[in-house]
Chemist: 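Sharing a structure here in structure tokens format.
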Amino acid sequence: MTQDINTKKAHIIVISNEKGGTGKSTISMHLAIKLMQEGFSVATFDLDGRQGSLSKYIENRRKFCEQQNINLPIPEHTKISPEENPYLHAQARDSLASQIRQKSNSYDAIILDTPGTKNYLFEEAHKYADTVITPISDSLIDLNVIADIDYQTNRVLKPGHYSNFIWDIKKYMASQGKPYLNWIVTGNRLSSFNSKNKTAIFAHLERLSKIYGFRLFSGLKDRVIYKELFLEGLTVLDMGTPALKCKMTVSHIAAKREINALAEFISPEE
């Protein structure tokens with residue numbers, strides 16, 4: 001299948017890590033709402049349809065808006081579950097590719113929330129990425145997907161399986177005439193405490209960014225408000241909406257600042 005990746009309109013953002021539980025859906029939802037508040041049209045894809053975290057988030061938002069009779073921005077959403085039958089994978093790949101191309105001509109941005117494990121949907125989504133955002137917690141387990149490190153000597157032994165995958169995607173894109181991939185690694189669900197472990201992990205990431213070609217964003221802290229807002233489909237960006245009549249807390253303000261900073265970080269500095 002040949003992709004026409006040079007004529008599309010939308011900026012395609014893939015939220016991805018070859019590991020579950022890193023907060024991909026929360027970032028996907030907040031970026032979608034941020035872009036819509038800025039006046040951009042946004043389509044979202046949940047490619048982990050079996051778990052469906054992003055889909056549930058958007059469903060909660062629709063229900064909340066109906067119950068409260070208020071109007072909040074809601075992205076055009078598509079939920080896709082992986083085919084169990086391997087003989088249908090090629091057809092499903094083509095279907096996803098067709099949907100991405102179609103929406104690329106109608107929306108300013110497309111956000112694809114990928115599964116936590118690599119499958120054919122995960123692989124296909126990355127082929128269309130302009131930006132890949134990889135959330136990672138302050139954990140050595142999460143760091144292992146980026147690189148295998150000897151922590152006694154601090155020597156990088158080899159790239160992690162996810163870094164290898166991104167390298168393959170970069171080579172594929174170059175073969176299609178698109179040499180640049182804006183790969184961002186961002187801290188997410190970070191502890192509020194400046195622990196020795198967290199400092200060490202970000203020192204490793206800073207060094208790895210120069211080796212593997214990603215841009216490192218300082219990240220988002222682990223906040224209870226994200227879990228609370230999920231139940232109503234809200235984001236920290238909605239808190240200033242007059243119809244909600246919500247009092248902004250210090251935590252809301254800080255979280256909103258982090259989301260805004262991540263959205264701005266997507267555009268590389270000239």
Chemist: Compare all side-chain heavy atoms of Met29 with those of Phe230 and state whether any distance is below 4.5 angstrom.
Modeler: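 No, every pair of side-chain atoms sits at 4.5 Å or beyond.
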
Chemist: If you compare all heavy atoms of Lys170 against all heavy atoms of Tyr212, which two are closest, and at what distance to 0.1 Å?
Modeler: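 Heavy atoms of Lys170 and Tyr212 come nearest at NZ-O, 3.3 Å.
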
Chemist: Is it the case that one hydrophobic cluster holds both Val14 and Met173, taking links as side-chain heavy atoms less than 4.5 Å apart, direct or via other members?
Modeler: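 Yes, it is one cluster - the side chains of Val14 and Met173 are joined through contacts under 4.5 Å.
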
Chemist: Is the distance from the ring center of Phe165 to that of His161 below 6.0 Å?
Modeler: no

Chemist: Should Thr134 and Ile184 be marked as a side chain to side chain contact (heavy atoms under 4.5 Å, CB included) after you check the CA-CA gap, both sets of side-chain angles, and the distance that decides it?
Modeler: CA-CA 6 Å; Thr134 302; Ile184 296 169; over 6 Å; no

Chemist: Between Arg62 and Glu66, does the salt bridge (charged side-chain N to carboxylate O under 4.0 Å, His left out) criterion hold? Intermediate values first, please.
Modeler: CA-CA 6 Å; Arg62 288 200 181 101; Glu66 291 171 3; over 6 Å; no

Chemist: Are Glu232 and Lys63 ion-paired here, with the side-chain N under 4.0 Å from a carboxylate O?
Modeler: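 Lys63 and Glu232: not salt-bridged.
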
Chemist: Using the side chain to side chain donor-acceptor pair (under 3.5 Å) rule, collect all pairs that involve residues 80-90, keeping only residues at least two apart or in two chains.
Modeler: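 Sorted result for residues 80-90: Arg50-Glu84.
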
Chemist: Under 3.5 Å, is there a donor-acceptor pair linking the side chains of Asp138 and Ser191?
Modeler: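 No, no side-chain donor-acceptor contact under 3.5 Å.
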
Chemist: Check whether any side-chain heavy atom of Arg61 lies under 4.5 Å from a side-chain heavy atom of Ile33, and answer yes or no.
Modeler: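 A side-chain contact exists here, since the closest heavy-atom pair is under 4.5 Å.
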
Chemist: Spell out, as yes or no, whether a donor-acceptor pair under 3.5 Å connects the side chain of Thr249 to the backbone of His252.
Modeler: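 Answer holds: yes.
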
Chemist: State the CG-CD distance between Leu96 and Gln91, to the nearest 0.5 angstrom.
Modeler: 13.0 Å

Chemist: How far does OG of Ser251 sit from NZ of Lys256, to the nearest 0.5 angstrom?
Modeler: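 Atom-to-atom, Ser251:OG and Lys256:NZ are 13.5 Å apart.
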
Chemist: Please tell me if the side chains of Leu47 and Asp113 come closer than 4.5 Å, counting only heavy atoms from C-beta onward.
Modeler: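 The answer is no, as the side chains (C-beta and beyond) never meet within the 4.5 Å cut-off.
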
Chemist: Test Ile12 against every option in Thr131, Val132, Leu112 by the side-chain contact (heavy atoms from CB on, under 4.5 Å) rule and name the one that passes.
Modeler: Leu112

Chemist: Please verify the inter-ring angle class for His30 with Tyr57; under 30° counts as parallel, over 60° as perpendicular, anything in between as tilted.
Modeler: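 Geometry flag for Tyr57 against His30: perpendicular rings.
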
Chemist: If you draw a 6.0 Å radius around NZ in Lys221, do more than 12 non-hydrogen atoms from other residues or ligands fall strictly inside?
Modeler: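 No, NZ of Lys221 has 12 or fewer neighbouring heavy atoms, counting only those of other groups under 6.0 Å.
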
Chemist: Backbone N or O of Ile136 within a donor-acceptor pair of the Asn188 side chain at under 3.5 Å?
Modeler: no

Chemist: Any chance you could measure Ile100, atom CD1, to Tyr128, atom OH, to the nearest 0.5 Å?
Modeler: 6.0 Å

Chemist: State whether the number of non-hydrogen atoms from other residues, nucleotides or ligands found under 6.0 Å of Glu59 atom CD is greater than 12.
Modeler: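 Above 12, so yes.
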
Chemist: Check the pair Gln99, Phe45 against side chain to side chain contact (heavy atoms under 4.5 Å, CB included), reporting the backbone distance first and the verdict last.
Modeler: CA-CA 10 Å; Gln99 290 181 73; Phe45 283 80; 4.0 Å; yes

Chemist: In terms of hydrophobic clusters joined by side-chain contacts under 4.5 Å, are Leu216 and Leu140 together?
Modeler: yes

Chemist: Is the backbone N or O of Lys24 less than 3.5 Å from a side-chain atom of Ser28, with the two atoms forming a donor-acceptor pair by type?
Modeler: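 Looks like yes, one N/O pair under 3.5 Å.
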
Chemist: Hydrophobic cluster membership, with links at side-chain heavy-atom distances under 4.5 Å among I/L/V/M/F/W/Y: are Ile27 and Met239 in one?
Modeler: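 As far as the 4.5 Å side-chain criterion goes, Met239 and Ile27 are connected within one cluster.
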
Chemist: Begin with the C-alpha distance, continue with both residues' side-chain angles, and end with the deciding distance and a verdict on side chain to side chain contact (heavy atoms under 4.5 Å, CB included) for Leu220 and Arg189.
Modeler: CA-CA 6 Å; Leu220 314 175; Arg189 296 180 172 174; over 6 Å; no

Chemist: Is there a side-chain contact between Asn154 and Arg207 in this structure, where contact means two heavy atoms from C-beta onward sitting under 4.5 Å apart?
Modeler: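 Yes, close enough: below the 4.5 Å cut-off.
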
Chemist: Distance-only, no hydrogens or angles: does the Asn17 side chain make a donor-acceptor pair with backbone N or O of Pro135 under 3.5 Å?
Modeler: yes

Chemist: Between Lys19 and Asp142, is any pair of side-chain heavy atoms under 4.5 Å apart?
Modeler: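 Yes, at least one pair of side-chain atoms sits under 4.5 Å.
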
Chemist: Are side-chain N/O atoms of Thr235 and Asp238 paired as donor and acceptor at under 3.5 Å?
Modeler: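 Checked: Thr235/Asp238 side chains pair up, N/O donor to acceptor below 3.5 Å.
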
Chemist: Testing the basics here: between Leu208 and Ala147, what is the closest heavy-atom pair and its distance to 0.1 Å?
Modeler: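 Nearest heavy atoms, Leu208 then Ala147: CD2-CB, 3.7 Å.
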
Chemist: Quick one: does any side-chain atom of Gln37 pair with a main-chain N or O of Leu237 as donor and acceptor, under 3.5 Å?
Modeler: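 Yes, the answer is positive, given that a donor and an acceptor are paired below the 3.5 Å cut-off.
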
Chemist: Please report the closest heavy-atom contact between Cys65 and Ile74, naming both atoms and the distance.
Modeler: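 That closest heavy-atom pairing would be SG-CD1, 4.4 Å.
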
Chemist: How far does NZ of Lys103 sit from CD of Glu76, to the nearest 0.5 angstrom?
Modeler: 4.5 Å

Chemist: Hey, are the side chains of Ser137 and Thr22 touching, using non-hydrogen atoms and a 4.5 Å cut-off?
Modeler: no

Chemist: Between Ser267 and Glu264 (side chain of the first, backbone of the second, donor and acceptor by atom type, cut-off under 3.5 Å), is there such a pair?
Modeler: no

Chemist: Verify the neighbour count for atom NZ of Lys247: are there more than 12 heavy atoms of other residues, nucleotides or ligands below 6.0 Å?
Modeler: no

Chemist: Could you measure the distance from the CG atom of Leu143 to the CG atom of Asp148? Nearest 0.5 Å is fine.
Modeler: 9.5 Å

Chemist: Should Ile166 and Phe217 be regarded as members of a common hydrophobic cluster, given that ILVMFWY residues are connected when their side-chain heavy atoms come within less than 4.5 Å of each other, either directly or indirectly?
Modeler: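 Each belongs to a different hydrophobic cluster.
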
Chemist: Determine yes or no for a side-chain-to-main-chain donor-acceptor pair under 3.5 angstrom, with His204 supplying the side chain and Ile201 the backbone.
Modeler: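 Not at all, since once roles are kept as given, no pair shorter than 3.5 Å links the two residues.
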
Chemist: Side chains of Ile15 and Leu31: does their closest heavy-atom pair fall under 4.5 Å?
Modeler: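 Side chain of Ile15 against side chain of Leu31, heavy atoms only: contact under 4.5 Å found.
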
Chemist: Treating Ile, Leu, Val, Met, Phe, Trp and Tyr as nodes and any side-chain heavy-atom pair under 4.5 angstrom as an edge, say whether Ile169 and Trp167 lie in one connected cluster.
Modeler: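 No: no chain of side-chain contacts under 4.5 Å links Ile169 to Trp167.
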
Chemist: Go through it in stages, so that I can follow the logic: the residues are Leu205 and Phe214, the test is side chain to side chain contact (heavy atoms under 4.5 Å, CB included), and I'd like the CA-CA distance, side-chain angles, deciding distance and then a yes or no.
Modeler: CA-CA 9 Å; Leu205 286 172; Phe214 60 81; 4.2 Å; yes

Chemist: Would the distance check show the side chain of Ser163 and the main-chain N or O of Ile146 forming a donor-acceptor pair, the cut-off being under 3.5 Å?
Modeler: yes

Chemist: Closer than 4.0 angstrom, basic N to acidic O: yes or no for Lys227 and Asp222?
Modeler: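 Looking at Lys227 and Asp222, the cut-off is met.
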
Chemist: I want to check something: taking the side chain as every heavy atom from C-beta on, are Thr114 and Asp48 in contact at a cut-off of under 4.5 Å?
Modeler: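 When only atoms from C-beta onward are counted, Asp48 and Thr114 do not touch, as no gap falls below 4.5 Å.
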
Chemist: Run the salt bridge (charged side-chain N to carboxylate O under 4.0 Å, His left out) test on Glu38 and Lys34 for me, step by step, so that the C-alpha distance in whole Å, both residues' side-chain angles and the decisive distance to 0.1 Å come before the verdict.
Modeler: CA-CA 6 Å; Glu38 293 291 329; Lys34 168 63 178 175; 2.9 Å; yes

Chemist: What's the separation between atom CG in Asn197 and atom OG in Ser139, rounded to the nearest 0.5 Å?
Modeler: 7.5 Å

Chemist: May I ask you to say whether Asp130 pairs ionically with Lys178, meaning some side-chain N is under 4.0 Å from a carboxylate O?
Modeler: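 Yes, this pair counts.
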
Chemist: So that I know where these two stand, are His11 and Phe40 an aromatic pair - ring centroids less than 6.0 Å apart?
Modeler: no

Chemist: Where the side chain of Asp108 meets the backbone of Val42, is there a donor-acceptor pair that is under 3.5 Å apart?
Modeler: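 Flag not set: sc Asp108 to bb Val42 has no pair under 3.5 Å.
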
Chemist: Determine whether more than 12 heavy atoms belonging to other residues, nucleotides or ligands lie under 6.0 Å from atom CG of Leu157.
Modeler: yes

Chemist: Quick check: closest heavy atoms across Ala254 and Arg223, and the distance to 0.1 Å?
Modeler: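 That closest heavy-atom pairing would be CB-NH2, 3.6 Å.
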
Chemist: More than 12 non-hydrogen atoms from neighbouring residues, nucleotides or ligands closer than 6.0 Å to CG on Asp150, yes or no?
Modeler: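 It does: Asp150 CG has more than 12 such atoms within range.
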
Chemist: So which heavy atom on Ala255 is nearest to which on Tyr226, and how close?
Modeler: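 Scanning both residues completely, I find the closest heavy atoms to be CB-OH, 3.5 Å.
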
Chemist: Ser98 side chain to Asp94 main-chain N or O, any donor-acceptor pair under 3.5 Å?
Modeler: no

